[in-house]
Amino acid sequence: MIMEPLHLTRCSINTATLGHREPLDVTIDRIARAGFGGLAPWRHEVEAADVNRIARQIRALELKVTGYCRSTYFPASTHEQRLANIQSNVRALNDAAELGAQCFVMVVGGLPEGSRDLSAARTQVRDGIGAFLDEARKIGVPLAIEPLHPMYAGERSVINTIDQANAIARELDPHNDGFLGVAVDVYHCWWDPQLETAIASLGTDDRMLAYHVSDWLVPTTDMLLDRGMMGDGVIDLKRFRQSVEKAGYAGMVEVEVFSRDNWWKLPPDEVLQTCAARLQSVC
Ligand code: ZN
């Protein structure tokens with residue numbers, strides 16, 4: 001299968017890629033100037049600005065918002081805290097709607113403090129998403145469960161594979177009215193022996209809501225902040241895109257590179273130029 005080179009209008013920049021070093025309005029202008037078709041902002045940036053003004057800026061520049069990052073973790077050691085976490089997510093979902101976000105990215109949380117009960121945490125996550133889904137329907141923003149690499153199961157996410165995320169979506173939303181799906185991030189999923197079949201079933205179920213790219217560096221020196229630029233690591237990104245497109249995904253390709261000691265030290269415009277070049281050569 002010959003892959004069409006990606007056009008930048010189909011590509012989006014997750015603002016974490018630029019290291020959150022500038023106010024969001026400056027970042028948005030840079031992303032638009034560099035020719036990208038979209039962005040994925042973070043709550044702390046939007047909450048530090050005026051959401052209405054940011055939304056107007058995004059609309060004026062005709063950028064798509066490929067995701068709003070991200071949910072407050074669901075698991076907690078008390079019922080009150082779990083409810084508070086859901087309330088926090090409802091507030092963020094209203095901002096996501098204002099921004100016209102294509103999905104709200106759900107990083108679901110790891111084990112509650114002091115717990116070793118992984119299956120209980122997974123049940124809390126399922127129940128938390130279940131309690132939140134009707135709000136998402138009301139507010140009109142789809143929820144994208146993002147499975148994270150299993151190295152994060154302790155502190156960030158007890159959902160670790162595409163199949164696991166899709167199983168929750170099927171259970172909570174068997175008829176799929178478009179408000180619960182999965183965000184596929186190559187960094188988190190590339191190692192999965194079931195990857196191709198998992199992506200194919202996401203496609204069959206029409207649940208793939210986002211596609212995030214970066215690369216896995218060898219060696220990786222920090223489990224959170226040492227992601228690679230596409231092409232600098234070991235993920236077969238063209239083959240990955242081939243699988244998601246074969247599964248029917250026609251949405252945007254979002255670059256999400258957390259790189260404290262490398263890309264976050266370079267001038268933002270240089271990072272954006274490199275993203276553009278790599279998206280068109282290795283993705
Ligand atoms: Zn991601």
Side-chain angles (χ1 to χ4, degrees), residues 6 10-20 31 36 38-46 64-73 89 92 96 99 101-110 125 129 141-153 155-166 168-169 180-192 195 198-199 202 207-217 220 222-230 232-233 235 237 240-241 243-244 249 251-260 263-264 271 275 278-279 283:
L6 278 169
R10 254 196 79 196
C11 298
S12 153
I13 297 291
N14 185 301
T15 57
T17 305
L18 300 176
H20 297 137
I31 290 170
F36 293 96
L39 81 157
W42 285 68
R43 277 165 79 173
H44 60 85
E45 301 173 287
V46 170
K64 297 208 164 64
V65 175
T66 50
Y68 189 41
C69 301
R70 63 172 168 68
S71 56
T72 302
Y73 300 150
N89 283 327
L99 295 168
Q102 294 176 344
C103 63
F104 182 54
V105 177
M106 307 270 285
V107 173
V108 298
V125 164
I129 297 172
V141 179
L143 305 179
I145 306 170
E146 181 163 359
L148 297 201
H149 191 285
M151 68 179 168
Y152 297 117
E155 57 191 330
R156 291 177 192 277
S157 178
V158 293
I159 296 184
N160 308 104
T161 66
I162 294 170
D163 278 337
Q164 194 191 353
N166 198 16
I168 291 175
L180 187 58
V182 179
V184 174
D185 186 320
V186 301
Y187 190 78
H188 297 302
C189 302
W190 71 281
W191 57 273
D192 187 345
L195 184 64
I199 289 172
L202 265 193
R207 298 262 190 201
M208 183 160 167
L209 298 180
Y211 179 49
H212 302 168
V213 297
S214 62
D215 213 335
W216 185 278
L217 298 176
T220 289
D222 184 289
M223 61 194 264
L224 187 61
L225 300 176
D226 190 32
R227 291 195 196 187
M229 180 61 69
M230 298 77 72
D232 290 346
I235 303 178
L237 290 162
F240 210 123
R241 177 157 73 94
S243 308
V244 304
Y249 181 75
M252 309 267 285
V253 179
E254 176 185 319
V255 178
E256 188 184 29
V257 178
F258 296 79
S259 172
R260 183 185 53 205
W263 296 100
W264 289 0
V271 177
C275 290
R278 301 293 180 86
L279 281 161
C283 291

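If you're wondering where the values come from, they're calculated on a predicted model, not measured in any experiment. Values below: all heavy atoms of this structure, side chains included; hydrogens, waters and symmetry mates excluded. Just so you know, ligand 1 is whichever comes first in the structure, and atom 1 is the first atom listed for that ligand. Throughout, numbering of the chain's residues begins at 1 and tracks the sequence.
Checking side-chain atoms of Arg70 against main-chain N and O of Phe104 turns up no donor-acceptor pair under 3.5 Å. Between the side chain of Asn89 and the backbone N or O of Thr72, at least one donor-acceptor pair lies under 3.5 Å. Looking only at distances, a side-chain donor or acceptor of Asp215 sits under 3.5 Å from a matching main-chain atom of Ile235.
Residue Glu256: an N/O/S atom is found under 2.8 Å from the Zn ion (ligand 1). Counting backbone and side-chain atoms alike, His212 contributes an N/O/S atom closer than 2.8 Å to the Zn ion (ligand 1).
Using the six-membered ring where Trp is involved, Phe258 and Trp42 have ring planes that are perpendicular, over 60° apart on the 30 and 60° scheme.
The N, O or S atom of Glu146 lying closest to the Zn ion (ligand 1) is OE2. Closest to the Zn ion (ligand 1) among the N, O or S atoms of Asp185 is OD2.
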